[in-house]
There are 2 protein chains.
Amino acid sequence: MHFKKDIAALCKENGLRLTGPRKVIMQVLSASSDHPDAVELHRRVSEIDPGIAIATVYRTVNLLQEKGVLEKHTFGDGRARFESADHEHHDHLINVETGDVIEFRSDEIERLQEEIARQHGFTIVSHKLQIYVKPIDKKRPPGKGKETA
Amino acid sequence: MHFKKDIAALCKENGLRLTGPRKVIMQVLSASSDHPDAVELHRRVSEIDPGIAIATVYRTVNLLQEKGVLEKHTFGDGRARFESADHEHHDHLINVETGDVIEFRSDEIERLQEEIARQHGFTIVSHKLQIYVKPIDKKRPPGKGKETA
DNA sequence: GTATATGCAAACCATTTGCTTAGCG
DNA sequence: CGCTAAGCAAATGGTTTGCATATAC
C-alpha cells in the first residue's frame with residue numbers, strides 16, 4: 001500500500017478532518033502491503049486503538065475511495081478489499097490455493113482494452129482483470145480448492 | 001444464455017433429479033440472453049410457477065455453477081449474476097451509465113494472460129476481465145459517476 | 001421406499017445508516 | 001462554537017441454512 005503523500009496532507013486536500021481514528025486507519029492502510037478487507041483492517045486498527053468502530057473503518061475507506069485515494073476490489077469472496085490508488089494501475093493474479101494476490105501490469109493488455117472499448121463506441125471508466133491461477137508445480141498437494149468466483 | 005444440451009440431459013449427467021422447479025429455472029436460464037441476478041431470475045421463474053421459492057433458485061444456480069453448467073459473475077454491485085458456461089469464454093464491457101453488459105472476446109488478451117501467468121509460475125484456473133465504460137458521446141451530462149467496484 | 005429437493009422462515013455476513021455525543025478547526 | 005466524525009446499535013440486502021414435507025427415481 002504505502003501512500004506517497006503524508007496522511008495530514010491527504011486529509012487536508014480532500015477536505016477531511018484529521019481525526020484520531022482516521023490517522024490510525026490511514027496509517028494501517030499505508031503500512032499494509034497486501035489487500036485487506038474491512039474486517040481485517042478493523043482488526044489491525046484495533047491493535048493500535050481498540051476503541052475504533054468498524055463502522056468508522058467502513059466510512060473511512062468509502063470516503064477515501066470516493067476521493068480517489070483508495071481502490072476497492074472484490075476478488076470473488078463476498079468482501080471488498082482495498083489498496084492505495086496512488087500508484088500506476090495494475091491487475092491481479094489470485095492464487096486460488098493460498099488466496100495470495102500478486103500484482104502485475106501489461107501495457108499491451110491495457111492498450112487492447114482501450115481498442116476494444118473504442119471499437120464499441122465507449123471510453124474506459126475503469127477496468128479490472130483478475131486471473132485466478134494455481135502453481136504449475138504438479139507435486140504440490142491439492143490444498144483447499146477455493147471456488148473461482 | 002441458451003444451453004446447447006437439453007435440460008433433462010444436463011440434469012442426468014450431473015446426477016441431479018429432474019424436478020419441476022429445476023425445469024422451470026433452467027428453462028428461464030436457457031431463454032435469457034442477458035446476465036440476470038438471483039432476484040431477477042426468481043421474478044422470471046415466478047411468472048411461470050409462482051410457487052417456487054427464491055431459496056430454490058439460489059440452490060439450483062449454485063449447484064449448476066458447481067457442476068460447471070453456469071458461470072457466476074459479480075459486476076461491482078453486490079449481486080451475483082449468472083450465464084451459461086457452455087460457450088466460448090468471453091469477457092464483459094459494462095456500461096456504467098445504463099448497467100448494460102456487452103460481451104466481447106479478444107484472443108490476443110487471452111494469449112497475453114496465459115503468458116503472464118506462466119511467467120509467474122502459474123497456470124490459469126479462470127479469469128475475469130471487466131471493462132467499465134461510458135459512451136464516447138461528449139454531449140451527455142456528467143451523470144452519476146458510480147464507483148468502479 | 002429412500003434419498004434428494006423444496007418451501008418457509010430464521011440465520012448469516014458484509015455493509016450501511018440513524019441518532020447522539022465528541023472533538024477538529 | 002459550528003459542523004464534521006465517531007460510536008453504537010439497529011437496519012439492510014443479498015445469500016444460506018435448518019427443518020419438516022414432498023417427490024423423483
Side-chain angles (χ1 to χ4, degrees), chain A residues 7-28 35-46 48-67 69-70 72-82 146-147 149, chain B residues 7-28 35-43 45-46 48-67 69-70 72-82 99 146-147 149:
Chain A
I7 290 169
L10 279 175
C11 283
K12 179 163 291 183
E13 68 194 40
N14 287 294
L16 305 177
R17 288 188 179 172
L18 183 59
T19 67
R22 274 185 194 153
K23 269 187 259 189
V24 175
I25 294 168
M26 294 177 79
Q27 174 190 329
V28 168
H35 303 70
D37 61 46
V39 173
E40 171 61 16
L41 219 43
H42 181 238
R43 205 190 54 67
R44 294 181 195 177
V45 160
S46 297
I48 300 174
D49 179 348
I52 296 174
I54 196 165
T56 302
V57 172
Y58 275 109
R59 278 193 271 239
T60 302
V61 291
N62 285 342
L63 215 42
L64 293 176
Q65 192 219 341
E66 282 166 29
K67 302 297 185 180
V69 176
L70 290 183
K72 191 183 207 168
H73 300 284
T74 44
F75 296 138
D77 45 17
R79 300 150 287 166
R81 304 172 67 175
F82 301 89
K146 303 289 291 188
E147 99 287 20
Chain B
I7 290 167
L10 277 176
C11 281
K12 179 164 291 183
E13 68 194 40
N14 287 295
L16 304 178
R17 291 186 175 173
L18 184 59
T19 67
R22 275 185 193 155
K23 269 187 260 189
V24 175
I25 293 167
M26 293 177 78
Q27 174 191 330
V28 167
H35 305 70
D37 60 45
V39 173
E40 171 62 17
L41 219 43
H42 182 238
R43 205 191 53 68
V45 160
S46 298
I48 300 173
D49 179 348
I52 297 174
I54 196 165
T56 302
V57 171
Y58 275 108
R59 279 192 271 237
T60 301
V61 102
N62 285 340
L63 216 41
L64 292 176
Q65 191 218 342
E66 282 166 27
K67 301 298 186 181
V69 176
L70 290 184
K72 191 183 209 167
H73 300 284
T74 43
F75 295 139
D77 46 18
R79 299 151 288 168
R81 304 173 68 175
F82 301 90
K146 302 289 289 184
E147 99 286 23

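Letters A, B, ... mirror the listed sequences (proteins, then strands); counts begin at 1.
The distance from atom OH of B:Tyr58 to atom C1' of C:dG7 is 16 Å, rounded to the nearest whole Å. Rounding to whole angstrom units, NE2 of residue A:His42 and P of D:dA6 are separated by 12 Å. As a whole-Å value, the separation of A:Ile54 CD1 from C:dC13 P is 13 Å.
Under 3.5 Å, the side chain of A:Arg59 and the base of C:dG18 form at least one donor-acceptor pair of N or O atoms.
No contact: A:Asp37 has no heavy atom under 4.0 Å from any strand.
Looking at residues two or more places apart in sequence or on another chain, you find a side chain to side chain donor-acceptor pair (under 3.5 Å) between B:Glu13 and B:Lys5. Applying the side chain to side chain donor-acceptor pair (under 3.5 Å) criterion to A:Arg17, with sequence neighbours excluded, gives no partner residue.
Between B:Arg79 and A:Thr60, the residue anchored closer to the 5' end of DNA chain D is A:Thr60, taking for each the nucleotide with the nearest heavy atom.
Side-chain proximity of B:Ala80 to the nucleotides D:dT15, D:dA5, D:dC8 is greatest for D:dT15. When distances run from any side-chain atom of A:Thr56 to the nucleotides C:dA14, D:dA6, C:dT16, the shortest one goes to D:dA6.
For the segment residues 17-25 of chain A, the set of residues with a heavy atom within less than 4.0 Å of an atom of DNA chain C comprises A:Arg17, A:Leu18, in numerical order.
Contact between the side-chain N/O atoms of B:Asn62 and the OP1/OP2 oxygens of D:dT16 is found at a separation under 4.0 Å.
The distance from atom CG of A:Leu18 to atom SG of A:Cys11, rounded to the nearest 0.5 Å, is 5.0 Å. Here the CZ atom belonging to A:Arg22 is positioned 12.5 Å from the CD1 atom belonging to A:Ile7, to the nearest 0.5 angstrom.
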